[in-house]
Amino acid sequence: MIDRLDTLELVKQNIQEAEARSQMSEEERSMDNESRYLLLMTDNFSALQLLPQVLNLNDCEIIFGSSFPQDQEYIQVCKNINRIKICMEIGRTVVLLNLGSLYESLYDALNQYYSYYGGKRYVDLGLGSNRVKCSVSENFRLIMIEEEKVAMQFPHTSSRPR
């Protein structure tokens, strides 16, 4: 008989593996299969309740989105991308909640299309037709909490196994 999958345990395991990976040497990391960033597809954002059980929320940057017109404006997208960029560089975990407006800008990061220069890894972040290269710390984690119906609209999230 197959054991029932426990969502909380799977999320904890993903986060613990990422933390363990950040402690590896560069040679060990090159031999390891890195997991993708975590996407929690949910109904009515019920997955939000999991966060305090798996993360120290004081060590995270939580960015909330909404459908208010001002939150969809280019300037707000730029501000949010900048917050994420800073977290990528310093290795702080980012939790995105209801931020489908950012997924296109984060396409390369979500798919881990890294470039390596001088032993560091970089990823392109997009803002409209502009691209900026960002350093990505080994300790950086990205967790997205999104309504399933919204997540399925984006190819870089919907191609993930459910």
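Heads up: numbering here begins at 1 and tracks the sequence.
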Would you check, one step at a time, whether the test side chain to side chain contact (heavy atoms under 4.5 Å, CB included) holds for K133 with V123? CA-CA 6 Å; K133 205 156 284 293; V123 71; over 6 Å; no
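- A single hydrophobic cluster is not seen to contain both L102 and F68; linkage of ILVMFWY side chains at heavy-atom distances under 4.5 Å, directly or through other members, places them apart.
- Residues forming a ring-ring contact (aromatic ring centres under 6.0 Å, His included) with Y74 (at least two apart in sequence, or on another chain): none.
- Counting heavy atoms from C-beta on, the side chains of C134 and E89 come closer than 4.5 Å.
- Looking at S105 and V77, their side chains come closer than 4.5 Å, going by heavy atoms from C-beta outward.
- Clustering of Ile, Leu, Val, Met, Phe, Trp and Tyr side chains at separations under 4.5 Å places Y122 together with Y117.
- Proximity of R131 to D108: side-chain heavy atoms (C-beta onward) are separated by under 4.5 Å at one or more points.
- For the atom pair OG (S66) and CD (Q76), the distance works out to 8.5 Å, reported to the nearest 0.5 Å.
- Contact annotation: the side chain of V94 never approaches that of I62 to less than 4.5 Å [non-hydrogen atoms, C-beta and beyond].
- Test L99, I63, L125 against I84 for side chain to side chain contact (heavy atoms under 4.5 Å, CB included) and you get one pass: I63.
- L142 is not connected to I86 by any chain of hydrophobic side-chain contacts under 4.5 Å among Ile, Leu, Val, Met, Phe, Trp and Tyr, and they are in different clusters.
- Looking only at side-chain heavy atoms (C-beta outward), R121 and E138 come within less than 4.5 Å of each other.
- Hydrophobic clustering (side-chain heavy atoms under 4.5 Å, transitive across Ile, Leu, Val, Met, Phe, Trp, Tyr) keeps I75 apart from I81.
- Here the side chain of N82 pairs no donor or acceptor atom with the backbone of C78 at under 3.5 angstrom.
- Shortest non-hydrogen contact noted between R92 and N58 is NH2-O, 3.6 Å.
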Determine, step by step, whether E146 and L97 satisfy the side chain to side chain contact (heavy atoms under 4.5 Å, CB included) criterion, reporting the C-alpha distance in whole Å, the side-chain angles of both residues, the deciding distance to 0.1 Å, and the verdict. CA-CA 6 Å; E146 192 61 75; L97 180 68; over 6 Å; no
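- In terms of hydrophobic clustering, with Ile, Leu, Val, Met, Phe, Trp and Tyr side chains grouped at heavy-atom distances under 4.5 Å, Y114 and I90 are assigned to different clusters.
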Side chain to side chain contact (heavy atoms under 4.5 Å, CB included) between T93 and D59, intermediate numbers included: CA-CA 7 Å; T93 297; D59 293 335; over 6 Å; no
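- With contacts defined as side-chain heavy-atom distances shorter than 4.5 Å, the pair V95/I145 qualifies.
- To the nearest 0.5 Å, the span separating CZ on R141 from CG on N139 amounts to 10.5 Å.
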Determine whether L106 and L96 satisfy the following criterion, side chain to side chain contact (heavy atoms under 4.5 Å, CB included), listing intermediate values before the conclusion. CA-CA 11 Å; L106 296 171; L96 301 178; 3.7 Å; yes
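- Between V132 and D124 the shortest side-chain heavy-atom distance does not fall below 4.5 Å.
- To the nearest 0.5 Å, the span separating CD on E61 from SG on C87 amounts to 4.5 Å.
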